[in-house]
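Proteins come first, then strands; the chains are lettered A, B, ... in the order of their sequence lines, and each starts at number 1.
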Protein chains: 2
Amino acid sequence: MDRMRLMETFVRVVETGNFSAVAREAHTTQSAVSKQVQALEKLVGAPLLVRSSRSHSLTEAGQLYYERCRQVLDTLEEAQLEVHRAEHEISGVLRVAAPVAFGRLHIVPRLASFYARHPKIKVHLQLDDGFVDLVAAGIDVAFRVGELKDSRLVARRIGSAHRATLASPAYLERHGEPQHLDELPRHNCIIYTGLTAINEWSYRDSAGLSHVVRVDGNFQSNSSEAIRQAVCEGLGISYSPIWVFGDDLRAGRVKPILTRYRAPSLPLNVVFQPARRPSLKVNSFVNYFSEAFSRDPDIAQMLTADA
Amino acid sequence: MDRMRLMETFVRVVETGNFSAVAREAHTTQSAVSKQVQALEKLVGAPLLVRSSRSHSLTEAGQLYYERCRQVLDTLEEAQLEVHRAEHEISGVLRVAAPVAFGRLHIVPRLASFYARHPKIKVHLQLDDGFVDLVAAGIDVAFRVGELKDSRLVARRIGSAHRATLASPAYLERHGEPQHLDELPRHNCIIYTGLTAINEWSYRDSAGLSHVVRVDGNFQSNSSEAIRQAVCEGLGISYSPIWVFGDDLRAGRVKPILTRYRAPSLPLNVVFQPARRPSLKVNSFVNYFSEAFSRDPDIAQMLTADA
DNA sequence: CCAGATTATTCCTGTGTGGAATAGATGCTA
DNA sequence: TAGCATCTATTCCACACAGGAATAATCTGG
């Protein structure tokens with residue numbers, strides 16, 4: 001006995017005041033309607049309407065129950081619409097761009113559960129450490145590290161790229177571990193050349209004073225993966241977002257140094273093109289990762305001030 | 001396929017994250033639970049949760065639908081409680097007191113539909129034109145015409161007793177129809193002696209001026225039924241609530257006279273004893289009749305001012 | 001007072017739900 | 001890494017039950 005249908009027929013009976021009419025309307029027989037109303041009364045445990053073979057009237061209980069039924073049916077219809085909309089609009093290909101290490105370490109591992117939540121979305125993930133023009137490349141969503149330039153895009157800050165100074169134990173063994181910033185220029189510093197070469201490393205000491213150190217070394221790259229590889233193999237010291245090294249840190253293949261000095265964090269944003277009607281697909285993706293990252297200590301914004 | 005049960009199991013599945021546990025909890029088999037969730041997904045038209053034989057997670061659609069389900073189930077449970085309460089508390093004997101004519105003409109004819117709405121209430125109707133002490137007589141609800149005295153009772157105004165001056169065509173034939181108030185003392189006026197003998201009839205003319213006429217006649221009674229009978233048989237002129245004459249007016253057995261003068265209406269109240277917890281039974285009765293009378297032109301309060 | 005319409009009831013048929021068992025899959029543990 | 005334990009999907013079958021048709025009973029309105 002489908003209580004939903006029971007309630008629907010009951011509501012219609014109340015509104016038309018006529019079993020037979022409801023039967024015709026629902027392409028069924030008057031017999032069925034009669035039985036359904038009876039079944040509902042049995043289920044509810046009280047007479048809902050008083051029948052007199054030509055018309056009925058609601059009992060008090062019936063009146064109360066009728067109102068609730070309407071409420072329930074309306075809610076259910078609304079639910080159906082919501083689900084349908086979600087099902088229809090949150091589907092298809094979503095083109096996502098991100099820095100290489102970030103994508104590998106923080107996006108890909110979360111895709112499985114993202115797909116679980118959004119089975120109809122297909123992700124095309126494009127990893128690039130350089131600058132990517134969303135419009136030109138047909139990208140829907142991009143993760144950006146650092147300050148933003150392109151003002152035509154909508155940006156949402158979803159975390160921070162916490163940075164640290166790192167080296168492999170082997171390197172430190174050979175060259176000694178620097179204890180003060182002024183030792184850095186004597187070390188082999190690996191320089192990331194994303195948009196511009198970063199050969200000045202900035203710090204803030206425990207007293208809150210800023211320090212900038214000009215560094216140099218025999219290896220530069222625009223690829224965070226290459227830098228990671230280089231550091232792990234003991235080529236030198238790196239100054240970069242800690243998530244570039246991911247497991248390497250946990251596994252002890254690299255070690256943070258100069259921890260007395262805090263390297264200012266870079267903002268981590270997700271950007272997308274503004275649309276007249278906000279795209280549920282893009283929203284779903286942004287919301288999902290925003291939520292996920294807020295629970296990830298490596299990425300979540302610290303309560304202390306970022307640079 | 002009972003959608004209600006489907007939704008219940010779905011909700012439990014979401015909350016426990018485990019088909020088998022829900023099956024045990026509902027004293028059924030895991031097979032049934034699996035099928036029910038599938039059936040719901042088919043009904044809704046979208047996957048609600050992504051299964052991986054050891055755990056699930058909600059899809060976006062599932063999340064939305066889950067919330068709605070909770071809402072629906074809560075509403076339904078509330079409905080069940082309401083109905084149960086109504087069913088339980090709106091039952092038993094209700095003792096009602098009213099003036100004789102009023103009861104006969106305005107209460108009894110509405111009892112059938114009142115019973116339809118409240119099948120479990122039994123009405124003991126006690127008709128009396130005199131004053132009845134609610135507490136002493138064990139009355140739950142009383143209809144009172146005129147100003148109220150007993151301040152220990154809760155009163156609710158539910159209408160007005162519109163009054164008129166009436167006589168039978170036969171009487172008017174014999175004695176002529178009075179056109180002015182000052183002719184009344186020469187007529188045989190029948191006097192109602194409810195609590196006190198009303199031998200002064202008051203009026204308001206079209207200019208709003210009050211007039212009081214002292215009248216007399218050869219018949220007085222404390223019974224409106226007796227007065228009605230007397231008027232119908234042409235004994236004299238009466239000044240009383242028009243509902244005392246009910247059908248007689250419509251049938252032409254009595255006729256309103258001196259219609260240029262308005263007789264001030266008396267308030268019609270329903271009174272009952274205040275209770276710590278308001279009695280649903282009394283409330284149901286009062287609400288029903290209050291509502292019914294508000295749609296009855298004989299009783300409804302006029303928009304023009306009453307005396 | 002009759003005619004038309006409406007609801008309750010009965011009997012029967014066909015669908016479909018749920019149970020038991022099996023297969024397939026996955027995560028945990030040693 | 002392999003095996004075990006647990007979970008879900010699926011298949012097959014039997015029984016229950018919902019709904020249709022027809023009839024009886026009841027009521028309304030002209």
Side-chain angles (χ1 to χ4, degrees), chain A residues 1-44 46-59 62 66 109-117 119, chain B residues 1-44 46-59 62 66 109-117 119:
Chain A
M1 189 68 72
D2 184 352
R3 278 185 69 160
M4 221 72 243
R5 179 176 310 213
L6 264 46
M7 288 165 67
E8 279 166 5
T9 55
F10 171 62
V11 163
R12 290 305 298 147
V13 163
V14 171
E15 285 164 358
T16 67
N18 188 315
F19 283 34
S20 306
V22 174
R24 285 190 291 271
E25 170 181 305
H27 302 292
T28 178
T29 62
Q30 167 268 328
S31 167
V33 173
S34 174
K35 286 174 191 168
Q36 285 175 8
V37 174
Q38 285 178 61
L40 189 62
E41 287 180 319
K42 194 171 166 188
L43 234 56
V44 172
L48 298 175
L49 33 84
V50 179
R51 304 144 171 84
S52 59
S53 76
R54 196 134 191 103
S55 70
H56 342 278
S57 62
L58 282 173
T59 63
Y66 166 74
R110 295 187 207 280
L111 281 179
S113 77
F114 174 77
Y115 285 132
R117 191 164 182 81
Chain B
M1 190 69 70
D2 183 352
R3 279 185 69 160
M4 221 71 243
R5 179 176 312 214
L6 263 48
M7 287 165 67
E8 278 166 5
T9 55
F10 171 61
V11 164
R12 291 305 298 148
V13 164
V14 170
E15 285 164 357
T16 67
N18 188 316
F19 283 34
S20 306
V22 174
R24 284 191 290 273
E25 170 182 305
H27 301 290
T28 178
T29 62
Q30 167 268 328
S31 166
V33 174
S34 174
K35 286 174 190 167
Q36 285 175 8
V37 174
Q38 284 178 62
L40 190 62
E41 287 180 320
K42 194 171 166 188
L43 234 56
V44 173
L48 297 175
L49 33 84
V50 180
R51 303 143 172 83
S52 60
S53 77
R54 198 130 192 107
S55 70
H56 342 277
S57 61
L58 283 173
T59 62
Y66 166 74
R110 296 187 207 281
L111 281 179
S113 77
F114 174 76
Y115 285 133
R117 190 162 183 84

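For A:Thr9, the side-chain hydrogen bond (donor to acceptor under 3.5 Å, both in side chains) partners are A:Gln36, not counting sequence neighbours. Residues forming a side-chain hydrogen bond (donor to acceptor under 3.5 Å, both in side chains) with A:Gln30 (at least two apart in sequence, or on another chain): none.
One finds a side-chain N or O of A:His56 lying less than 4.0 angstrom from the OP1 or OP2 phosphate oxygen of C:dT7. Contact between the side-chain N/O atoms of A:Gln36 and the OP1/OP2 oxygens of D:dG19 is found at a separation under 4.0 Å. The side chain of B:Arg51 places an N or O atom within less than 4.0 Å of a non-bridging phosphate oxygen (OP1 or OP2) of D:dA9.
Separating the CG atom of B:Leu40 from the P atom of D:dT8 is a distance of 16 Å, rounded to the nearest angstrom. Atom P of nucleotide D:dC17 and atom CG of B:Asp2 are separated by 13 Å, given to the nearest angstrom. Here D:dC7 presents its P atom at 6 Å from CG of B:Asn18, a figure rounded to the nearest Å.
Within the structure, no pair that satisfies the salt bridge (charged side-chain N to carboxylate O under 4.0 Å, His left out) test touches residues 26-38 of chain B, not counting sequence neighbours.
End-to-end axis angle for the helix from C:dC1-D:dG30 to C:dA30-D:dT1, using five pairs per end and rounding to 10°, comes out at 50°.
Taking 4.0 Å as the cut-off between side-chain N and carboxylate O, A:Arg5 and A:Glu8 do not count as a salt-bridged pair.
The stretch residues 23-34 of chain A comes close to DNA chain D through A:Thr28, A:Thr29, A:Ser31, A:Ala32, each having a heavy atom under 4.0 Å from the strand. Within residues 4-12 of chain A, no residue has any heavy atom under 4.0 Å from DNA chain D.
The base of C:dG16 does not come close enough to the side chain of B:Lys35 for any donor and acceptor atom to sit less than 3.5 Å apart.
Here B:Glu25 contributes atom CD and B:Asn18 contributes atom CG; the two are 10.0 Å apart, rounded to the nearest 0.5 Å.
Under the 30°/60° scheme for interplanar angles, the aromatic rings of B:His56 and B:Phe19 are found to be tilted.
What you find for A:Leu6 and A:Ala39 is that their closest heavy atoms are CD2-CB, 4.0 Å.
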